[in-house]
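What follows is a short report on a single structure.
As a basis for the values below, the full set of heavy atoms in this structure was taken, side chains included, without hydrogen atoms, waters or symmetry mates. Keep in mind that what you see is a predicted model, and the values were worked out from it rather than measured. Count residues from 1 along the sequence. We count ligands from 1, going down the list as the structure has it; atoms in each ligand are counted the same way.
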Amino acid sequence: MIRPILTFPDPVLKQKALPVTIITDELRHLARDMAETMYDAPGVGLAAPQIGVLQRLIVIDVAAKGEPPHLITAINPTIIQTEGEVFEEEGCLSVPNFSANVKRHERVVVKGLSLDGQERVWQADGLLAIAFQHEIDHLEGTLFVDRLSPLKRELFLKKAKKWGAP
Ligand code: NI
């Protein structure tokens with residue numbers, strides 16, 4: 001089921017999500033809904049808080065158009081290693097009509113659980129590394145616009161006002 005995506009400045013997006021302690025059918029169902037919602041949008045990642053669920057669960061698929069889908073579902077994802085630095089353009093399904101360059105690590109190693117409860121380690125670079133960092137930020141209540149310079153953030157807030165945010 002496609003769920004509505006919360007958008008800035010919804011206060012839920014500023015909240016910290018709680019660790020998943022038990023993998024239930026309900027959680028698996030939630031993960032399915034998140035993937036469906038992400039593909040429908042379309043987007044390359046979605047975190048549970050974006051559909052109003054404050055649990056540490058993310059879905060990512062950075063496969064290019066025409067490539068077969070490659071869905072990653074990560075429970076309680078944590079970055080355990082980082083390397084390098086990039087400055088690439090990002091957008092967010094919760095921040096429509098705005099994109100900006102954000103400083104991120106170039107490569108990350110992420111540890112978490114898969115939906116079957118197995119511990120997983122993902123080695124990510126390129127767009128996948130950025131997507132992991134962006135989605136894990138959502139679990140901390142951080143949006144990419146929170147990582148902009150004060151001047152760029154000011155510009156964002158002005159634009160956000162135009163499309164109706166208070
Ligand atoms: Ni986002």
Checklist entry - For the Ni ion (ligand 1), how many protein N, O or S atoms come closer than 2.8 Å? => result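 For the Ni ion (ligand 1), the figure is 3.
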Checklist entry - Is any side-chain N of the basic residue among E90 and R147 closer than 4.0 Å to the acidic one's carboxylate O? => result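 Looking at E90 and R147, the cut-off is not met.
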Checklist entry - So, E85 and R107, do they make that salt bridge, N to O below 4.0 Å? => result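 Between R107 and E85 there is no salt bridge, as every charged N stays at least 4.0 Å from the carboxylate O atoms.
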Item to check | Between E83 and H105, a side-chain donor and acceptor under 3.5 Å | outcome: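 Per modelled atom types, E83 and H105 side chains form no pair under 3.5 Å.
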Checklist entry - Aromatic ring centroids of F156 and F8 under 6.0 Å? => result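 Yes, they do, as the ring centres are separated by less than 6.0 Å.
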Next on the checklist: Tell me whether V44 shares a hydrophobic cluster with Y39, the cluster being built from Ile, Leu, Val, Met, Phe, Trp, Tyr side chains joined at under 4.5 Å.
Outcome noted: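 Looking at the clustering, Y39 is in a separate group from V44.
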Next on the checklist: Parallel, tilted or perpendicular: which one describes the rings of W122 and F132, with boundaries at 30° and 60°?
Outcome noted: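 Answer is tilted, since the angle falls between 30° and 60°.
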